[in-house]
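These notes concern the structure reproduced below.
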Amino acid sequence: MSGAFHFRLLTLASFCLLELQAAVVPINSALPNAQPLQDGRIVGGYQVDIEKFPYQVSIRLDSSVLIHICGGSIYAPRIIITAAHCLKGRYASTIRIVAGSSTIANSTEEGVAVQKLIYHSGYVKKTHDNDVGLVILKTALVYSSTIQAIPLAQSSALVGTPAIASGWGKDDENAQQLTNLLQAVELQIVDSEECAVQYAVNNYVITDEMICAAAEEGGKDTCQGDSGGPLVVDGKLLGIVSWGIGCAQHYPGVYVSVPYHVEWIVQQAAQYL
Ligand code: ARG
């Protein structure tokens, strides 16, 4: 991997080098039909309108232009739920939130300024533990057909339950660019023990506060740039895009469990409602 490529990924979707480094290691797969090539976006998804995903936001880094770094979900007019790894090491003054837009390519977008970044005190970069955080906005979002909150799932979903993830992330783990138009992909909840067995090969631990999701037919996943975004079951936020080895290759995607962290979220959010 060239240095320039490395750098580019860092700027595009920070903290996601794990996927690329580990992706070259061939490992047995519980997704035997995984396709190495995908023609959709996210990976193996399809283009959608923000009106169908009004809870989806784009988290931007403000460096003369606004650069998409992560996805997020609207919890309340001033509260966005995302991944801790999207926030750690950043300052509120450098982050803006764009809601109500299907595209990340509109350079006239100014977004909403941020008052505070909060991430879980138990977040560990190396293990991806507790990869949950909140972005507190300076001004409230005005709800509309393209901007709406999503309720939190209070309980976990059974293995095989259909779930939908969305975002502007890469459409292939080797892609060098994000996708400009919002994409969604239909996945299923994967058995945590099976997922744990797969990841154990690489010395990663799937904890109780993580959820794995993939598509039985393979070829579908979230990818770099989707992090922090929603995994939705029955209209409720069940997971937050967190990590994985590669994208849509041999491993399920790993999501933060919202039911596990629901108390943390409610407690942290209380004073900003
Ligand atoms: N860490 C990535 C990001 O920051 C998300 C990776 C999700 N990977 C996966 N295979 N589902 O955007």
Side-chain angles (χ1 to χ4, degrees), residues 8-25 27 29-31 34-36 38 40-45 56-61 67-73 82-90 95 104 119 123-133 163-179 182-190 195 198-199 202 204 206 210-215 218-231 238-257:
R8 203 183 161 110
L9 287 165
L10 253 183
T11 57
L12 273 183
S14 51
F15 312 110
C16 277
L17 294 176
L18 159 78
E19 281 88 348
L20 291 126
Q21 284 158 351
V24 294
V25 184
I27 302 289
S29 171
L31 301 170
Q35 298 292 316
Q38 289 80 34
R41 304 301 168 91
I42 237 189
V43 177
Q56 169 89 51
V57 301
S58 163
I59 299 182
R60 307 285 180 91
L61 188 62
I67 301 166
H68 172 92
I69 54 168
C70 273
S73 302
T82 188
H85 81 257
C86 297
L87 307 179
K88 190 167 182 185
R90 302 195 188 277
I95 299 293
I104 56 168
Y119 61 84
Y123 169 62
V124 182
K125 185 177 172 184
K126 195 167 170 225
T127 57
H128 314 279
D129 285 340
N130 304 302
D131 191 11
V132 53
I164 186 152
S166 49
W168 291 272
K170 300 198 296 174
D171 60 1
D172 181 291
E173 65 183 42
N174 297 313
Q176 302 208 20
Q177 282 179 346
L178 301 173
T179 57
L182 184 62
Q183 307 286 318
V185 67
E186 276 150 35
L187 304 168
Q188 291 109 43
I189 303 305
V190 168
C195 185
Q198 283 184 273
Y199 275 105
N202 283 279
Y204 285 105
I206 302 298
M210 298 175 190
I211 293 171
C212 299
K220 295 181 181 178
D221 198 1
T222 48
C223 201
Q224 286 89 345
D226 291 320
S227 272
L231 179 75
L238 180 78
I240 302 164
V241 181
S242 179
W243 64 283
I245 295 180
C247 302
Q249 296 295 320
H250 305 287
Y251 298 85
V254 189
Y255 299 78
V256 180
S257 166

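Read the numbers this way: they start at 1 and go in the same order the structure lists the ligands and their atoms. Scope of the values below: all heavy atoms of this structure, side chains included, with no hydrogens, waters or symmetry mates. Position 1 is the first residue of the sequence, and the numbers go up from there.
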(message) List the residues meeting ring pair (Phe, Tyr, Trp, His ring centres under 6.0 Å) with Tyr119, not counting sequence neighbours, and say none if there are none.
(response) none
(message) Measuring from non-hydrogen atoms of Glu173 to any atom of ligand 1, is the shortest distance under 4.0 Å?
(response) no
(message) Give the atom numbers and elements of ligand 1 that come within less than 4.0 Å of a heavy atom of Ser227.
(response) 1 (N), 2 (C), 3 (C), 4 (O), 5 (C), 12 (O)
(request) Find out whether Val43 and Gln183 are in side-chain contact, i.e. whether some heavy atom of one side chain is under 4.5 Å from a heavy atom of the other. (result) no
(request) Report, in ascending order of atom number, the atoms of ligand 1 lying under 4.0 Å from any heavy atom of Asp226. (result) 12 (O)
(request) Please indicate whether any nitrogen or oxygen in Gly225 is less than 3.5 Å from any nitrogen or oxygen in ligand 1. (result) yes
(request) Could you tell me whether some N/O pair between Asp221 and ligand 1 is separated by less than 3.5 angstrom? (result) yes
(request) Scan Lys125, Lys88, His85 and name whichever one has a side chain to side chain donor-acceptor pair (under 3.5 Å) with Asp131. (result) His85
(message) Can you confirm whether Ile95 sits close enough to Arg90 that some side-chain heavy atom of one is under 4.5 Å from a side-chain heavy atom of the other?
(response) yes
(request) For His85, take its heavy atoms, then give the atoms of ligand 1 lying under 4.0 Å from any of them. (result) 1 (N), 3 (C), 4 (O)
(message) Evaluate Gln224 for polar contact with ligand 1, using N/O atom pairs at a separation under 3.5 Å.
(response) no
(request) Check Ala248 against ligand 1 and report side chain, backbone, both or neither, counting heavy atoms closer than 4.0 Å. (result) neither
(request) Give a yes/no on ligand 1: does Cys223 have at least one heavy atom closer than 4.0 angstrom to it? (result) yes
(request) Report yes or no: does Ser242 have a heavy atom closer than 4.0 Å to ligand 1? (result) yes
(request) Using atom types as modelled and distance alone, determine if a side-chain donor or acceptor of Gln224 lies under 3.5 Å from a backbone N or O of Cys247. (result) no
(request) Flag the pair Thr82 / Val57 as yes when at least one side-chain heavy-atom distance between them is below 4.5 Å, and no otherwise. (result) no
(message) With rounding to the nearest 0.5 angstrom, report the SG to CD1 distance, Cys195 to Ile206.
(response) 4.0 Å
(request) Could you tell me whether Cys86 approaches ligand 1 through its side chain, its backbone, both or neither, with non-hydrogen atoms closer than 4.0 Å? (result) neither
(request) Using a strict cut-off of 4.0 Å, indicate which atoms of ligand 1 neighbour a heavy atom of Gly253. (result) 11 (N)
(message) With nothing but distance in play, are any N or O atoms of Val254 less than 3.5 Å from an N or O of ligand 1?
(response) no
(message) I want to check something: taking the side chain as every heavy atom from C-beta on, are Ile245 and Tyr204 in contact at a cut-off of under 4.5 Å?
(response) yes
(message) So, applying ring pair (Phe, Tyr, Trp, His ring centres under 6.0 Å) with Trp243, which one of Tyr255, Tyr251, Tyr199 is it?
(response) Tyr199
(request) Could you tell me if any non-hydrogen atom of Gly246 lies under 4.0 Å from any atom of ligand 1? (result) yes
(message) Once you restrict to heavy atoms under 4.0 Å, what part of Ile245 touches ligand 1? Side chain, backbone, both or neither.
(response) neither
(message) Among residues at least two apart in sequence or on other chains, which ones pass side chain to side chain donor-acceptor pair (under 3.5 Å) with Ser166?
(response) Gln56
